[in-house]
Amino acid sequence: MKARIIVTLKTGVLDPQGKAIESALKSFGIDSVDGVRQGKVFDLEVNATDRAGAEATLKAACEKLLANTVVENYAIELG
């Protein structure tokens with residue numbers, strides 16, 4: 001089963017990399033972009049027989065390694 005995990009910083013957490021990207025875009029003349037937030041995307045193949053099992057496996061992966069849940073949120077998409 002194919003899965004995608006999207007990890008983003010929680011609201012209120014400073015994002016210096018997002019600010020640097022926003023500044024770089026503006027330096028290239030792309031002025032209509034504001035509030036850039038940087039994140040991570042993981043594409044995975046999950047060996048599970050059912051959707052619930054796949055979600056449990058992916059949640060464990062996020063909680064243990066892929067996301068720092070103190071400052072990051074994650075979303076799991078199963079396809």
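Hydrogens, waters and symmetry mates play no part in the numbers below; they use all other heavy atoms, side chains included.
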Salt bridge (charged side-chain N to carboxylate O under 4.0 Å, His left out) contacts in which one or both residues fall within residues 58-79, not counting sequence neighbours: Lys40-Glu72

Atom of Arg37, atom of Val13 and distance for their closest heavy-atom approach: NH1-O, 2.9 Å

Which residue pairs satisfy the salt bridge (charged side-chain N to carboxylate O under 4.0 Å, His left out) criterion with at least one member in residues 46-56, sequence neighbours excluded? Arg51-Glu55

Of all pairs that satisfy side-chain hydrogen bond (donor to acceptor under 3.5 Å, both in side chains), the ones with a partner from residues 3-27, not counting sequence neighbours: Arg4-Asp43, Lys26-Asp34

Remaining members of Val46's ILVMFWY cluster at a side-chain heavy-atom cut-off under 4.5 Å? Met1, Ile5, Val7, Phe42, Leu44, Leu58, Leu65, Leu66, Tyr74, Ile76, Leu78

Correct closest heavy-atom pair for Ala48 and Gly53 would be CB-C, 4.2 Å

From Asn68 CG over to Cys62 SG, what is the distance, rounded to the nearest 0.5 angstrom? 12.0 Å

Is it the case that atom CG in Leu14 sees more than 12 heavy atoms from other parts of the structure closer than 6.0 Å? no

